[in-house]
2 protein chains.
Amino acid sequence: MMETATRCQAYNVFSQACPTRMVLDRLADKWSLLIMDRLRDEPVRFNQLRRDVEGISQKVLSQTLKKLERDGLVTRQVFATVPVTVEYALTALGHTLSNTIESLAHWAEHNIDSVLAAQREYDAVNA
Amino acid sequence: MMETATRCQAYNVFSQACPTRMVLDRLADKWSLLIMDRLRDEPVRFNQLRRDVEGISQKVLSQTLKKLERDGLVTRQVFATVPVTVEYALTALGHTLSNTIESLAHWAEHNIDSVLAAQREYDAVNA
DNA sequence: GGCAGTGGTTTCCTTAAAGTAACTAAGTTA
DNA sequence: TAACTTAGTTACTTTAAGGAAACCACTGCC
């Protein structure tokens, strides 16, 4: 039986049944955060997204967008132009999450040098 | 040739060579964020961590802790007790990151219901 | 001597995520 | 008519992550 979000919070985030952990699991893939970050400032079309998020394949982009749409984080809007235009954008819910994602990105930008230094030091000691 | 963090920031986070993306990649596994969240308030011993973070195996816990230690986010301290005690704790760097992790966890706690509702609606439409 | 507890490592296997490439469809241009 | 664009899907393969179980060393306890 699934616990409610409230119960989960009252117990612990580390429980397997906790929905919070489900969300964390969902975002912890290779591309979701990157895509949401790209959508932060403006709606972006499929192929533009594919060009901007370097290295992602058509298949995985499509899959990931579908998941994000299913989770209510992203909208998909089709325009009957020729060729057809499909625009992806963050929902209101998606925008509330993107603030956190941005702070994660900021952390990475500001601390990447410390992380790389730590890695070098660790590797030197554990040669 | 590896770009510097500054160059990366000036260009874009979405580039494959960007170190920021390396950090995002590293954190986007199944357990890292969860472990760091558990270490947030106090140092925790190996087996305690294993019991608290439900579902993680001994091997994966050990691997993940090593990665976090290598990245300079977690320290490992051995006490010569019997049986031996090994305590894991966040570094100063790790603490700066844990604030962001906490906000991610908060987001999940507050919005899980919206996400689940969106999923139900999506599944109903795409039956 | 044998079991318990600590904190791991090693091996083997399964599974899920991701990559590659080819294919579709609709319409526009040359 | 053939090629190009958009936005995908499908089939197949590869890779990486994770899980299961057994093993190690150390020592105290009974």
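The sequence lines fix the lettering, A, B, ..., with proteins before strands; numbering per chain opens at 1.
Rounding to whole angstrom units, CD of residue Gln48(B) and P of dG7(C) are separated by 10 Å. Atom OH of Tyr88(B) is separated from atom C1' of dT6(C) by 12 Å (rounded to the nearest Å). Rounded to a whole Å, the CG atom of Asn126(A) is 13 Å from the P atom of dG8(C). In this structure, the CZ atom of Arg26(A) is 14 Å from the C1' atom of dA16(C), given to the nearest Å. What separates CD of Glu87(A) from P of dT6(D) is a distance of 14 Å, to the nearest Å. The CG-P distance, from Leu49(A) to dG8(D), rounds to 11 Å in whole Å. One atom, CG of Asn47(A), and another, P of dT9(D), lie 13 Å apart when rounded to the nearest Å. Between the P atom of dG8(C) and the CZ atom of Arg51(B) lies a distance of 13 Å, rounded to the nearest Å.
No contact: Arg50(B) has no heavy atom under 4.0 Å from any strand. Within 4.0 Å of Thr81(B), counting heavy atoms only, lies no atom of the nucleic acid at all. Looking at heavy-atom distances under 4.0 Å, Phe79(A) makes no contact with the nucleic acid at all.
A salt bridge does not link Glu54(A) with Arg50(A): every distance from a Lys NZ or Arg NE/NH1/NH2 to an Asp or Glu carboxylate oxygen is 4.0 Å or more. Comment: Asp25(A) does not engage Lys30(B) in a salt bridge, judged by the lack of any side-chain N to carboxylate O separation of less than 4.0 angstrom.
Nucleotides of DNA chain C nearest to Lys66(B) and Arg45(B) differ in position, and the one nearer the 5' end is that of Arg45(B).
Between dG8(D) and Arg76(A), a contact under 4.0 Å exists linking OP1 or OP2 to a side-chain N or O. Phosphate proximity of dT9(D) to Ser62(A): present, with a side-chain N or O under 4.0 Å from OP1 or OP2.
In terms of modelled atom types and a separation under 3.5 Å, the side chain of Thr64(A) and the main chain of Val60(A) share a donor-acceptor contact.
Sorted pairs that involve residues 87-101 of chain A and meet salt bridge (Lys or Arg N to Asp or Glu O under 4.0 Å), not counting sequence neighbours, are lacking altogether.
Helix bend of the helix from dG1(C)-dC30(D) to dA30(C)-dT1(D): the angle between its two end axes, each built from five pairs, comes to 20° after rounding to 10°.
When only modelled atom types and interatomic distance are considered, Ser32(A) and Asp29(A) share a side-chain donor-acceptor pair under 3.5 Å. Gln48(B) and Arg45(B) are not linked by any side-chain donor-acceptor pair at a separation below 3.5 angstrom, with hydrogens and angles left out of the test.
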Original post:
Between Leu61(A) and Ile35(A), is a side-chain contact (heavy atoms from CB on, under 4.5 Å) present by the stated rule, with each step listed?
Top reply: CA-CA 9 Å; Leu61(A) 176 57; Ile35(A) 290 173; 3.6 Å; yes
Subject >> Candidate pair Met22(A) and Leu116(B), rule side-chain contact (heavy atoms from CB on, under 4.5 Å), full reasoning >> reply: CA-CA 10 Å; Met22(A) 290 164 45; Leu116(B) 293 176; 4.1 Å; yes
Subject >> Arg76(A)/Leu65(A) under side-chain contact (heavy atoms from CB on, under 4.5 Å): CA gap, chis, key distance, verdict >> reply: CA-CA 9 Å; Arg76(A) 176 180 183 274; Leu65(A) 285 169; over 6 Å; no
Subject >> B/S/- contact track for nucleotides 11-28 of chain D, protein heavy atom under 4.0 Å >> reply: B------BBB------SS
